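Comments concern the structure below.
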Amino acid sequence: MVRKMGFYAVLAYVIYGLFFYWYLFHFADSSLPFEYQGTKADPATFLNGRELMLSEEYSKIRNLLFFLSTPFEWLFYFLILLFGLSKAFKSWAESSSKYKLLQTAIYLIWLSFFAFLATLPLSYISYTGSKTYNISTQTFASWMKEELIDFWINYGTLLIIVPVLYWLMKKSVKRWWLYAWILSIPFTLFMMFLQPVIIDPLYNDFYPLKNKELETKILTLAEKAQIPAEHVFEVNMSKETNSLNAYVSGIGSNARIVLWDTTLNKLSDDQILFIMAHEICHYVEKHIYIGIALYLLFSLIGLYLTYRIMSWVIARYGKELKIPDVKDIRSLPLFFMIISMLLFASSPFSNLISRYEEKRADRYAINMTQNPEAAITSFQELTRSGLSQVNPPLLVKIFRYSHPSMLERISMLEEYEVKQRNK
Ligand SMILES: [Zn+2]
């Protein structure tokens with residue numbers, strides 16, 4: 001039975017992978033609809049032949065890796081349970097210490113270590129991919145260092161969450177999901193508050209804007225939106241990547257707008273001001289807080305579903321998966337697997353909300369700067385530097401795109417430009 005279940009799980013994964021290979025490489029049509037050909041959204045008008053070919057190729061590979069990696073996690077956790085590794089981690093932990101908390105810490109280090117090893121090849125492939133296409137400029141050592149920082153941050157977080165979670169499961173078989181959710185609220189807020197000052201600086205250097213002339217222009221714009229100067233930062237990303245980005249992070253007094261130095265180096269001042277105005281919209285419209293509220297709502301539903309699904313799976317397949325009880329730490333891989341599946345299933349919805357906010361930010365930015373030429377060319381440069389797809393296939397858009405496609409973004413700006421001219 002166990003071997004049969006393992007076989008079918010691997011088979012399902014392979015079929016799923018082949019389906020997406022076929023979908024992305026043979027079926028999906030990412031060519032431009034007729035009415036957009038020759039417009040400023042048409043990549044043929046701003047990319048050269050080589051860039052055009054590379055962006056198609058690279059996007060396909062990246063999309064395939066995206067669709068392969070999440071279900072790979074599910075397969076990993078499933079096999080860990082099925083072949084008794086979770087059980088083994090627990091007995092190794094119990095034989096090395098008699099303290100409950102230390103046992104959990106040892107169990108977690110084994111599980112994290114195996115998960116790290118299992119997912120390393122896929123992350124390595126995506127690292128070498130972006131290196132081949134000249135997106136990433138990161139050395140292997142620096143990439144590995146970030147993988148290790150990820151590992152330890154992840155482990156540290158688990159070390160806080162997991163003992164509390166299993167303690168709650170023991171205290172209340174029927175309500176643990178609700179108590180876990182209630183406790184997750186201050187934890188989430190605290191992590192969001194610390195993120196930009198404690199976690200992000202572990203990866204990169206953050207500092208006030210270096211180019212003082214540009215800084216004056218950016219801060220004038222920020223002032224218009226009543227954002228204090230000390231909330232605008234530059235981050236040193238050029239040693240890792242050629243792509244451009246800017247974002248808003250943190251809450252309360254740690255809320256900030258961050259501009260990648262690549263963005264500042266590669267774009268003209270007017271283009272940067274458009275990007276900055278876009279980020280200002282996220283900041284003033286408090287999209288982070290909306291995001292947190294939605295996240296908390298999703299996680300309440302998600303934890304309840306996890307509770308129901310876990311109880312059902314263990315009642316039905318507990319023997320095969322070697323999980324005697326929900327509150328036994330051996331069920332942790334099942335917990336992760338269900339959470340990851342629910343996150344994946346809800347991603348079309350969260351992406352939809354994000355795309356709506358991004359659209360608002362683009363509108364806000366163009367109304368603020370009123371320079372469609374700079375806005376359009378900044379998006380064209382964004383497309384070129386990230387070799388991104390202007391018109392992604394439908395499933396890619398639904399599951400991956402937290403931003404509208406460049407086709408939609410540039411077309412919107414072009415319409416604005418036409419309207420402005422006719423005024
Ligand atoms: Zn945005």
Side-chain angles (χ1 to χ4, degrees), residues 41 66 135 192 195-196 200 204 206 209 218 221-222 224-227 231-235 237 241 243-251 254-264 266-295 347-372 374-392 396-416:
F66 167 81
I135 304 294
M192 294 295 290
Q195 172 94 23
D200 291 347
N204 298 98
F206 291 77
L209 298 175
I218 288 181
L221 201 66
K224 255 208 251 173
Q226 288 160 356
I227 296 173
H231 290 229
V232 181
F233 285 81
E234 179 178 341
V235 55
M237 290 296 291
T241 178
S243 63
L244 315 180
N245 198 13
Y247 61 92
V248 175
S249 77
I251 55 173
N254 283 343
R256 49 176 66 183
I257 293 176
V258 179
L259 298 155
W260 284 14
D261 64 338
T262 46
T263 310
L264 299 170
K266 269 191 211 158
L267 297 182
S268 72
D269 287 7
D270 285 342
Q271 291 172 327
I272 294 168
L273 290 177
F274 172 75
I275 303 286
M276 180 65 193
H278 171 106
E279 299 309 325
I280 285 178
C281 177
H282 288 312
Y283 188 103
V284 297
E285 291 197 351
K286 305 208 177 303
H287 289 165
I288 285 211
Y289 295 91
I290 297 173
I292 293 174
L294 284 168
Y295 166 80
S347 64
F349 189 64
S350 48
N351 282 337
L352 193 71
I353 295 166
S354 166
R355 287 201 296 269
Y356 170 74
E357 292 175 341
E358 294 301 334
K359 208 167 147 184
R360 284 185 68 89
D362 283 349
R363 287 226 166 268
Y364 178 102
I366 192 62
N367 287 331
M368 191 174 198
T369 56
Q370 297 184 3
N371 186 346
I376 290 171
T377 48
S378 73
F379 280 163
Q380 291 175 338
E381 187 52 43
L382 224 66
T383 308
R384 179 182 299 116
S385 62
L387 288 179
S388 43
Q389 233 166 357
V390 167
N391 186 29
V396 173
K397 194 178 156 179
I398 292 175
F399 282 96
R400 261 201 88 183
Y401 271 54
S402 55
H403 290 64
S405 69
M406 278 301 176
L407 179 65
E408 294 163 304
R409 301 181 86 178
I410 298 177
S411 305
M412 186 278 281
L413 294 168
E414 229 182 336
E415 270 165 41
Y416 180 93

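The residues of the chain are indexed from 1 along the displayed sequence. Below, all heavy atoms of this structure are taken into account, side chains as well, without hydrogens, waters or symmetry copies. The structure displayed is predicted, hence computed values, not measured ones. First listed ligand is number 1; within each ligand, the first listed atom is number 1.
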If the condition is side chain to side chain donor-acceptor pair (under 3.5 Å), which residues does S350 pass it with, not counting sequence neighbours? none

For F66 together with F399, are the ring centres under 6.0 Å from each other? no

Above 12 or not: heavy atoms from other molecules or residues under 6.0 Å from CZ of R363? no

Return yes when at least one N/O/S atom of H282 is nearer than 2.8 Å to the Zn ion (ligand 1), and no when none is. yes

H278 N/O/S atom closer than 2.8 Å to the Zn ion (ligand 1): yes

Looking at the Zn ion (ligand 1), which N/O/S atom of E358 is the nearest one? OE1

Could you tell me whether K397 and E408 make a salt bridge, using a distance below 4.0 angstrom between a side-chain N and a carboxylate O? yes

